[in-house]
Amino acid sequence: KQWYQRRVRVFTWRGKPLFIRHRTQEEIAKAQSADVSALRDPQSDAERCQNEKYLICLGVCTHLGCVPIAHAGDWKGYYCPCHGSHYDTCARIMKGPAPLNLEVPKHEYLDEGTVIIGKED
């Protein structure tokens with residue numbers, strides 16, 4: 001399947017929304033240049049995205065469990081309309097009441113087009 005830039009696919013995984021986001025080079029560069037030490041829940045882009053082209057995360061706000069909107073908010077990542085949490089393009093909390101980044105489930109890329117989500121070590 002072909003992925004298109006600025007596209008987020010939404011799946012249901014273990015009863016929760018799962019977002020797979022194809023990121024543009026601009027989004028990747030901006031996420032990689034962020035000052036991790038200034039973040040509420042400090043994680044680098046590399047820690048969150050095994051393949052820099054794609055972000056895989058649960059679509060559940062860490063504040064009260066609402067579903068954020070993609071390509072929205074001050075950082076154009078995700079925005080939770082329930083209470084105003086803003087996430088960047090690698091789903092790190094940037095502003096608002098959410099205490100943590102959106103969860104990145106364990107996953108493994110078998111090749112460029114195939115990923116296993118939920119694989120345990």
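Side-chain atoms are counted along with the backbone in the values below, which use heavy atoms only and exclude waters and symmetry mates. One is the number of the first residue; the rest follow in order along the sequence. None of the values given here were measured: they were computed from a predicted structure.
- Note on Glu103 versus Lys16: no salt bridge recorded, every NZ/NE/NH1/NH2 to OD/OE distance being 4.0 Å or above.
- For the residue pair Pro105 and Cys57, the shortest heavy atom distance occurs at CD-CA, 3.9 Å.
- Residues meeting the side-chain contact (heavy atoms from CB on, under 4.5 Å) test with Pro17, sequence neighbours left out: Val10, Phe19, Val60, Val67.
- Looking at residues two or more places apart in sequence or on another chain, you find no side chain to side chain donor-acceptor pair (under 3.5 Å) involving Glu108.
- Screening residues 30-51 for ring-ring contact (aromatic ring centres under 6.0 Å, His included), with sequence neighbours left out, gives no hits.
- By the 4.5 Å side-chain criterion applied to Ile, Leu, Val, Met, Phe, Trp and Tyr, Leu64 is assigned to no cluster and stands alone.
- Under the side-chain contact (heavy atoms from CB on, under 4.5 Å) criterion, Gln50 pairs with His107, Tyr109, not counting sequence neighbours.
- Applying the salt bridge (charged side-chain N to carboxylate O under 4.0 Å, His left out) test to pairs two or more places apart or on separate chains, those with a residue in residues 29-49 are Arg23-Asp45.
- For residues 80-102, every residue pair satisfying the salt bridge (charged side-chain N to carboxylate O under 4.0 Å, His left out) rule, not counting sequence neighbours, is listed here: Asp74-Lys95, Asp88-Arg92.
- Residues that satisfy the side-chain contact (heavy atoms from CB on, under 4.5 Å) test with Thr114, not counting sequence neighbours, are Leu110, Asp111.
- Applying the salt bridge (charged side-chain N to carboxylate O under 4.0 Å, His left out) definition to pairs two or more places apart or across chains, none involves residues 55-73.
- Contacts classified as ring-ring contact (aromatic ring centres under 6.0 Å, His included) and involving residues 25-49 (residues at least two apart or in different chains) are not found.
- The hydrophobic cluster of Ile69 has no other members, since no ILVMFWY side-chain heavy atom comes under 4.5 Å of it.
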